[in-house]
Amino acid sequence: MGVPALQFSEDQAEVFDSVAEMLRGAGVDLDDGLLTPAAEGKARVMAVVGRAGSGKTMLLSRLFHALEEAGVEIVSGDYESRRKKDRRTLAILAPTNKAASVLRGHGVPATTIHRILYTPVYDPEYEKVAEWLAGGAERPKIEGLTDAALDRAYDFYQAQKSVPGALATAGLRGSDFIVGWKRRDDPLDIGFVDEASMLDEKQFEDLQEIFPTLLLFGDPAQLAPVGQSGEMVFDRLEGPKKLELGRIHRQAEGNPILDLAHALGDEGLGFEEFERRVEAAAQDDDRVVVAPRVDADMMARSPVLVWRNVTRVRLIQAFRGAYGAPPDELLPGEPLICDGIELPLKHRKRRIDLEARGLIKGAQVIYLGPGRKPGFSRLHVVGAEEPQISAASIVKIEFPDQEEPFIPFAARMGAAFLHGSAVTIHKAQGSQWPEVQVFAPDLWAAAQSGRVEAGLPLWKRLAYVAITRAQERLFWVTRYRLARPQGELSVADLGSGPAPLALAEEET
């Protein structure tokens with residue numbers, strides 16, 4: 001295939017051709033732009049694996065554009081057209097909001113796995129607008145929407161391909177046009193999954209039920225999901241089903257962060273020697289910094305990454321103390337991590353609402369302030385397409401040497417949160433931040449433990465994942481100290497955004 005070979009390296013071109021051959025067998029010919037109906041009963045699974053900087057995101061992006069040019073319809077999770085059943089579709093997924101937002105930053109319309117499992121139910125009147133925007137119907141006449149409002153919605157959709165965003169541009173709120181959510185009943189077609197190293201067996205099985213053609217993109221050097229003994233779902237794929245990208249493209253650009261990450265592949269490298277390499281990199285390039293203390297200001301938006309829970313809890317308490325946060329309430333601007341949805345089965349619809357809006361386990365959230373009702377919080381879900389929400393909340397503040405967390409305020413049921421100023425490296429997978437602080441004493445402790453995971457020293461896996469979370473600058477923190485903040489916590493950097501969506505109208 002001449003075009004990708006001109007733009008790709010040799011290994012990327014080979015992988016592109018292999019994926020194109022799989023898609024051709026599924027009825028999508030990228031060479032000739034020909035689409036035929038999907039053959040029933042034939043399942044295809046393939047994985048593209050490579051370390052950070054090997055070009056996985058570039059390859060995924062190019063495949064997306066090639067499929068779009070061939071006429072494959074993109075399913076984004078915010079609206080699904082009811083057009084003819086034999087159309088070919090593609091959904092691009094990631095396990096977390098943050099991972100999906102990273103792809104969207106590269107122009108790829110990614111959504112979360114949860115968002116594709118649950119589909120929105122539109123008000124029939126506004127569904128006419130959605131069908132028109134998606135190209136499946138004539139321009140509608142809707143009472144209360146002027147021609148100018150429809151024009152704004154159309155222009156927005158042409159630029160961003162988001163039905164909810166377009167309807168919001170027309171002056172509507174989410175509660176006007178989305179009346180509920182339902183679990184997906186019918187299978188889709190082609191699925192691309194980024195950060196596939198994070199998938200557990202149940203998620204993998206669910207995805208195979210939904211997508212007869214499934215392409216996984218993953219990094220074999222990352223940490224496997226807890227409970228899977230270091231094995232990732234793509235490890236059992238063999239031969240032509242598992243394609244490897246060997247060349248590190250970004251490393252050739254002189255990226256010291258990636259240089260350090262890939263140095264961890266040296267079997268003879270010990271922790272002390274690696275730390276000396278970090279120090280040498282810091283002397284040569286300001287993108288690597290050896291810091292004697294944790295920066296509290298940075299923790300407000302970019303959590304410090306640790307291995308041990310005891311370290312995480314102590315750093316959280318130091319962060320809250322540095323900002324003068326009272327023990328019985330949160331300050332606007334404090335970061336949280338969603339720890340799950342605590343709702344009984346009879347409130348399944350409410351759970352679907354929360355998850356579909358991006359409030360899934362592991363989601364990063366910024367507290368904006370109390371809601372209008374006791375136990376409710378106004379929240380900014382980091383990386384979500386519609387980040388401003390309001391939800392019943394159970395906030396847990398952990399303390400050193402105490403088994404049970406303190407709960408400063410809580411609804412009787414709703415979304416549960418832990419503090420997010422420090423997180424474990426396991427939970428940080430799939431996320432990236434411009435600047436990242438890695439707590440080196442914890443990695444030293446992992447090295448001293450002598451633990452091995454899937455044939456590789458645990459400290460090396462931890463260090464690799466932690467380092468590759470940094471997009472622009474890496475801070476290697478060497479001591480148990482905290483630099484006090486330069487100012488007060490704020491939410492000004494988040495923007496006003498749309499009015500928060502109330503996800504649970506009352507407690508019952």
So, the side chain of [X] versus the backbone of [Y]: is there a donor-acceptor pair under 3.5 Å, distance only?
| X | Y | result |
| --- | --- | --- |
| R104 | A110 | yes |
| D442 | R308 | yes |
| H426 | L462 | no |
| S18 | F16 | no |
| K460 | L269 | yes |
| R473 | D286 | yes |
| Y464 | A52 | yes |
| E334 | L331 | yes |
| D339 | A416 | no |
| R461 | L223 | no |

Give a yes or no on whether the ring-centroid distance for H380 and Y367 is below 6.0 angstrom.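 That pair fails the under 6.0 Å test.
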
May I ask you to check whether F204 and F234 place their ring centres under 6.0 Å from each other?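 No; F204 has its ring centre 6.0 Å or more from that of F234.
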
At what distance, to the nearest 0.5 angstrom, does [atom1] of [X] lie from [atom2] of [Y]?
| X | Y | atom1 | atom2 | value |
| --- | --- | --- | --- | --- |
| H106 | L60 | NE2 | CG | 10.0 Å |
| L305 | S431 | CG | OG | 9.0 Å |
| D194 | L216 | CG | CG | 10.0 Å |
| E435 | R301 | CD | CZ | 13.5 Å |
| M298 | F475 | CE | CZ | 4.0 Å |
| L215 | L243 | CG | CG | 8.0 Å |

On a heavy-atom basis, which atom in [X] and which in [Y] lie closest, and how many Å separate them?
| X | Y | result |
| --- | --- | --- |
| P400 | V313 | N-CG1, 3.5 Å |
| L494 | L368 | CD1-CD2, 3.7 Å |
| A466 | V436 | O-CG1, 4.0 Å |
| T478 | P292 | OG1-CA, 3.6 Å |
| A99 | A94 | CB-CB, 3.7 Å |
| V294 | M299 | CG1-SD, 3.4 Å |

If only side-chain N and O atoms count, and only distance matters, is there a donor-acceptor pair under 3.5 Å linking D219 with S197?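 Result is no, nothing qualifies.
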
So, E275 and W476: side-chain donor and acceptor under 3.5 Å apart, yes or no?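 Per modelled atom types, E275 and W476 side chains form a pair under 3.5 Å.
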
Go through L103 and I92 one step at a time and tell me if the side-chain contact (heavy atoms from CB on, under 4.5 Å) criterion holds. CA-CA 9 Å; L103 285 177; I92 302 167; 4.1 Å; yes

For a side-chain contact (heavy atoms from CB on, under 4.5 Å) check, start with the C-alpha distance between V306 and V423, then their side-chain angles and the critical distance, and finish with the verdict. CA-CA 6 Å; V306 305; V423 303; over 6 Å; no

[X] vs [Y] side-chain heavy atoms within contact, under 4.5 Å:
| X | Y | result |
| --- | --- | --- |
| M232 | D235 | yes |
| D266 | F274 | no |
| L474 | V289 | no |
| L379 | I366 | no |
| V19 | V15 | yes |
| M198 | T96 | yes |
| V288 | L260 | yes |
| D206 | I113 | no |

Output, in order, the C-alpha distance, side-chain angles, deciding distance and verdict of side-chain hydrogen bond (donor to acceptor under 3.5 Å, both in side chains) for E398 and H419. CA-CA 8 Å; E398 300 159 288; H419 207 275; over 6 Å; no

I would like to know whether K202 and D200 meet salt bridge (charged side-chain N to carboxylate O under 4.0 Å, His left out); could you show each step before the answer? CA-CA 6 Å; K202 180 62 169 63; D200 59 31; over 6 Å; no

Let me know which of V304, L315, I316 forms a side-chain contact (heavy atoms from CB on, under 4.5 Å) with S421.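 Exactly one pass, corresponding to I316.
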
Out of W307, W444, Y480, which one pairs with F439 under the ring pair (Phe, Tyr, Trp, His ring centres under 6.0 Å) rule?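 Running ring pair (Phe, Tyr, Trp, His ring centres under 6.0 Å) over W307, W444, Y480 with F439 returns exactly one hit, Y480.
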
Let's go through K242 and E238 carefully: what are the C-alpha distance in whole Å and the side-chain angles of both, what is the deciding distance for salt bridge (charged side-chain N to carboxylate O under 4.0 Å, His left out) to 0.1 Å, and is it a yes or a no? CA-CA 5 Å; K242 187 176 180 181; E238 297 178 348; over 6 Å; no

Would you verify whether the NZ or CZ of R484 falls within 45 degrees of the ring axis of Y323 while also being under 6.0 Å from that six-membered ring's centre?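 Judged by the rule (NZ or CZ under 6.0 Å from the ring centre, within 45° of its axis), R484 is not positioned above Y323.
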
Take D295 and R481 through the salt bridge (charged side-chain N to carboxylate O under 4.0 Å, His left out) test and state the conclusion after the steps. CA-CA 9 Å; D295 187 310; R481 294 178 181 174; over 6 Å; no

Should F192 and V108 be marked as a side-chain contact (heavy atoms from CB on, under 4.5 Å) after you check the CA-CA gap, both sets of side-chain angles, and the distance that decides it? CA-CA 11 Å; F192 289 177; V108 178; over 6 Å; no

Any ion pair linking E273 and R277 (charged N to carboxylate O, less than 4.0 Å)?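 Salt bridge flag = yes for E273 with R277.
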
Applying side-chain contact (heavy atoms from CB on, under 4.5 Å) to T89 and F211, what does each step give before you reach the verdict? CA-CA 10 Å; T89 64; F211 296 101; over 6 Å; no

